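Keep in mind it's a predicted model, so treat the numbers as computed, not measured.
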Amino acid sequence: MIIMDRQENSYKIYLDVCCLNRPFDDWNQERVRWEGEAVLSIMEQIYDRK
């Protein structure tokens, strides 16, 4: 994930296709779990239009 540009109190975020698979990976590793939770949080905020 890379924040690409900031405009009027909002951000444009580039989500690499690889990160979209993270929620489906094995969450036994702490880093994988954090990344999976981050992707799910971002997707939820997009869905809620926040």
| request: Report yes or no: do Ser41 and Glu37 form a side-chain donor-acceptor pair below 3.5 Å? | output: no
| task | Calculate, to the nearest 0.5 Å, the distance between atoms CZ and CH2 belonging to Arg22 and Trp27 respectively. | result | 10.5 Å
| remark: CE (Met43) and CG (Leu15) are apart, to the nearest 0.5 Å, by 7.0 Å
| field | CG on Asn28 to CZ on Arg33, rounded to 0.5 Å | value | 9.5 Å
| said: Which heavy atom of Cys19 sits nearest to which heavy atom of Val39, and what is that distance? | reply: O-CG2, 3.4 Å
| Spacing of CG belonging to Leu20 relative to CG belonging to Leu40, to within rounding of 0.5 Å | 10.0 Å
